[in-house]
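Below is one structure, written out as structure tokens, with a few remarks after it.
In this text, all values refer to a predicted model and were calculated from it rather than measured experimentally. So you know, we letter chains A, B, ... as the sequences are listed, proteins then strands, and number each from 1. Computation of the quantities below employed the complete heavy-atom set of this structure, encompassing side-chain atoms and omitting hydrogens, waters and symmetry-equivalent molecules.
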Amino acid sequence: MNKFNKEERLCSKKSLDLLFKNGSSFLLYPFRVTYYFVAEPHLFPAQVVINVAKKRYKHAVDRNLIKRRTREAYRLQKEQQLYPNLLNRNELLLLSLQYVGKEKYDYSFFEKKLALAFKKLNTLIAAHENN
RNA sequence: AAUGCAAGCUGUUCUAUCGCCCCGAUCUUGUAUCGGGGAGGAAAGUCCGGGCAACAUAUAGCAUCUCGCUUCCUAACAGGAAGGCAUUUAAGAAUGAAAACUUAAAUGACAGCAAGUGCCACAGAAAAUAUACCGCCCCGAUUUAUCGUGGUAAGGGUGAAAACGUGAGGUAAGAGCUCACGAAUUCGUUAAGUGAUUAACGUUUUGGUAAACCUCGGGAGUUGAAAGACCAAAUAGGCUAACGCAUGUAGGGCUGCUCGUCCGAUGUUAGUGGGUAGGUCGUUAAAGAUAAAUGGCGACAUUUAUAUUAGAUUAAUGAUAGAAGUCCCAGCCUUGUGUUGGGAAACAGAACCCGGCUUAUAAGCUUGCAUUUUUU
RNA sequence: GGUCGAGUGGCCGAGAGGCUUAGGCUCAGCUCUGCAAAAGCUGCUACAGCGGUUCGAAUCCGCUCUCGACCU
């Protein structure tokens with residue numbers, strides 16, 4: 001089952017401040033991914049926030065469309081791509097996906113790019129653990 | 001019939017799989033199962049007007065902002081309805097030709113320049129108290145075709161705009177200087193109309209500009225749900241009341257100013273409290289929608305009936321696949337409400353709620369106007 | 001969600017009803033030089049868009065677009 005509940009979203013203002021102040025980030029077009037680990041175990045191994053700038057997209061319709069496609073891609077892939085690497089850790093991953101693309105793409109593009117982003121994130125986490 | 005423009009109306013439907021937000025029910029009390037609901041005509045822009053809430057009691061005066069033909073509608077409005085007037089266009093009839101007239105449509109920030117002040121570039125003699133370039137006239141001088149003192153706004157040319165137009169009298173020449181007819185205009189009387197206004201008569205005046213200052217009349221207290229109310233946990237520099245102290249002082253708040261009013265340093269005692277973060281309410285049933293009847297020219301109002309009801313808060317209403325209908329393009333022959341293949345579907349996403357306005361809109365339908373072609 | 005401000009050549013920026021707009025920087029050409037720089041001369045390129053008021057609009061008024069700031 002590929003669910004996506006409120007508990008998997010990052011809503012707390014405090015956590016957001018923590019994430020953007022201390023988190024590390026990388027760019028994988030069209031996403032800018034920011035992540036940070038906190039030592040507070042949660043029902044789910046990760047909480048995510050999706051972000052589209054008002055400056056880049058004037059109309060609310062376009063922003064909603066991008067957010068919905070990103071969310072759908074995240075929902076369908078997190079179980080296979082992201083969660084297995086996190087389950088053995090006793091920490092919560094705070095994750096932010098900022099959309100920085102210039103155009104509107106099809107859903108398949110989102111799916112492909114998000115998979116690549118997950119792959120890169122996993123390697124980075126592994127590297128961090130080894131150090 | 002086609003195309004274009006303008007105004008108005010509608011603003012695709014169904015199935016499967018995987019999800020999201022809210023509400024209700026059940027018991028196995030868990031990210032459980034079942035059932036129900038889930039964007040718009042503009043949800044947009046935030047351009048106006050209200051409700052609601054807090055602050056203030058100072059809805060005081062001034063300043064500031066805003067509205068501006070009339071009557072009506074409305075909770076209210078810079079909105080709407082009906083009318084008046086003006087301008088433009090078209091047609092009609094009239095005429096030598098126009099103007100005026102009649103009808104229709106469109107447009108109008110449509111109070112006042114006859115309260116005062118300012119401004120009117122360049123050109124032009126002069127842009128508002130007529131300061132006379134050419135021209136016209138009187139008088140004087142003489143070198144006899146020129147000069148000088150004056151008068152004159154009829155003619156010339158300039159300009160966006162030239163001292164109301166035509167004719168006559170008048171005069172040295174001229175001039176609303178006088179008269180007749182006419183144009184616009186102020187005020188008054190009479191008549192019609194609720195009124196704007198219209199008609200007649202008398203009277204006054206004769207450049208434009210108030211989206212120039214301004215005058216007159218009406219309206220606006222300020223802030224905006226991130227307003228505001230409440231809840232439980234823990235710690236302060238906080239708050240309240242009483243007393244004391246000083247000329248209620250320094251200083252500060254209340255709307256920009258005035259006037260007025262309120263608070264008011266430091267000490268003692270008693271009580272209360274919640275920086276920040278979180279949750280609940282505010283928050284979705286309403287000046288609401290649809291239908292009918294009645295009243296009204298109409299906007300709209302009244303009565304009755306009916307069915308419902310988005311409610312998030314890093315912010316739901318989606319993704320994938322398929323089918324049907326609509327429109328467009330191409331092919332086929334059986335030329336049809338045919339069939340096959342390919343494409344298109346706009347503008348745009350609620351965030352406290354309503355009433356308007358404005359702007360954006362594929363495709364279809366309705367109405368009006370314009371152009372072109374064909375037929376009669 | 002709400003409140004407010006701005007838009008003038010490639011860039012900065014004055015102008016607040018009247019000559020298609022002051023000045024500086026940049027760019028192009030010429031003069032000067034053996035070649036450049038500096039200096040001098042000449043030139044190019046603008047009122048965000050649409051509509052209205054006015055004889056006349058960058059300026060006044062309305063709508064639209066773009067950019068920016070503030071309220072947590």
*Below 4.0 Å: OP1/OP2 of B/G349 and any side-chain N or O of A/R63*: no
*asked:* Using atom C1' in both nucleotides, what's the gap between B/A43 and B/G311 to the nearest angstrom?
replied: 14 Å
*Just name whichever nucleotide pairs with C/U66, Watson-Crick or G-U, keeping both distances under 3.5 Å, else none.*
C/A6
*Rounded to whole angstrom units, what separation is found between the CD1 atom of A/I50 and the C1' atom of B/G19?*
13 Å
*If anything within 90° of 0 is syn and all else is anti, what is B/G188?*
anti
*Rounding to the closest angstrom, what is the interatomic distance between C/C55 and B/G159 at atom C1'?*
10 Å
*Searching all strands shown, indicate the nucleotide that pairs with B/A319 (Watson-Crick or G-U wobble; both distances under 3.5 Å).*
B/U17
*Given side chain to side chain contact (heavy atoms under 4.5 Å, CB included), test A/I50 with A/R71 step by step and report yes or no.*
CA-CA 8 Å; A/I50 295 161; A/R71 194 158 55 231; 4.0 Å; yes
_Length of the CZ-P vector between A/R68 and B/A348, whole Å_ = 16 Å
*Determine the interatomic distance between C1' on B/A360 and the same-named atom on B/C329; round to the nearest Å.*
29 Å
*Quote, to the nearest angstrom, the P distance that separates B/U255 from B/U59.*
10 Å
*So, is B/A350 syn or anti if syn means the angle is within 90° of 0?*
anti
_Non-hydrogen side-chain atoms of A/F31 and A/T70 separated by less than 4.5 Å_ = yes
*Taking CG from A/L65 and P from B/G318, how many angstroms apart are they, rounded to a whole number?*
10 Å
*asked:* Apply side chain to side chain contact (heavy atoms under 4.5 Å, CB included) to residues A/Y35 and A/S24 and explain how you reach the verdict.
replied: CA-CA 6 Å; A/Y35 63 97; A/S24 356; 4.0 Å; yes
*Return the nucleotide paired to B/C177: Watson-Crick means purine N1 to pyrimidine N3 with N6-O4 or O6-N4, wobble means G-U with N1-O2 and O6-N3, both under 3.5 Å.*
B/G169
*For B/U240, which nucleotide in any strand shown is its Watson-Crick or wobble partner with both distances under 3.5 Å?*
B/A270
*asked:* Give me the distance, rounded to whole Å, that separates C/U21 from C/A48 when you measure between the P atoms they each carry.
replied: 16 Å
_I need the CD-P distance between A/Q77 and B/G19, as an integer number of Å._
16 Å
*asked:* If you take the centroid of each ring, where Trp contributes its six-membered ring, are A/Y74 and A/F110 closer together than 6.0 Å?
replied: no
*Separation of the P atoms in B/U103 and B/A93, to the nearest angstrom*: 16 Å
*Would you call A/V48 and A/L97 a side-chain contact if the rule is heavy atoms closer than 4.5 Å?*
yes
_Strictly by Watson-Crick or wobble contacts shorter than 3.5 Å, is anything paired with B/U186, and which nucleotide is it?_
none
*Atom-pair distance (CG on A/D106; C1' on B/A321), nearest Å*: 15 Å
*Under 4.0 Å between a Lys/Arg side-chain N and an Asp/Glu carboxylate O for A/R75 and A/E72?*
yes
_Work out how far the P atom of B/C55 is from that of B/A229, and round it to whole angstrom._
7 Å
*Any idea if B/G41 is syn or anti, going by the 90°-from-0 cut?*
syn
*Is the shortest heavy-atom distance from the side chain of A/L95 to the side chain of A/V33 under 4.5 Å?*
yes
*Does B/U284 adopt a syn or an anti glycosidic conformation, taking syn as a chi angle within 90° of 0?*
syn
*Grab the CD-C1' distance between A/E111 and B/C18 for me, whole Å please.*
12 Å
*State the pairing partner of C/G17; accept Watson-Crick or G-U wobble contacts with both distances under 3.5 Å, and report none otherwise.*
none
*Hey, is the side chain of A/R75 pairing donor to acceptor with the base of B/C20 inside 3.5 Å?*
no
*B/U71 pairs with, by Watson-Crick or G-U criteria that keep both distances under 3.5 Å*: B/A81
*Counting Watson-Crick and G-U wobble pairs only, both distances under 3.5 Å, name the nucleotide matched with B/U313, or none.*
none
*Name the residue closer to the 5' end of RNA chain B, choosing between A/D62 and A/V49 according to the nucleotide with the nearest heavy atom.*
A/V49
*Spacing of A/Y107 atom OH relative to B/U320 atom C1', expressed in whole Å*: 8 Å
*Do the side-chain N or O atoms of A/R71 get closer than 4.0 angstrom to the phosphate oxygens (OP1, OP2) of B/U317?*
yes
_Just the rounded figure in Å: distance from P of B/C21 to NZ of A/K67._
15 Å
_Taking the C1' atom in each of B/G36 and B/U46, what is the distance between them to the nearest angstrom?_
37 Å
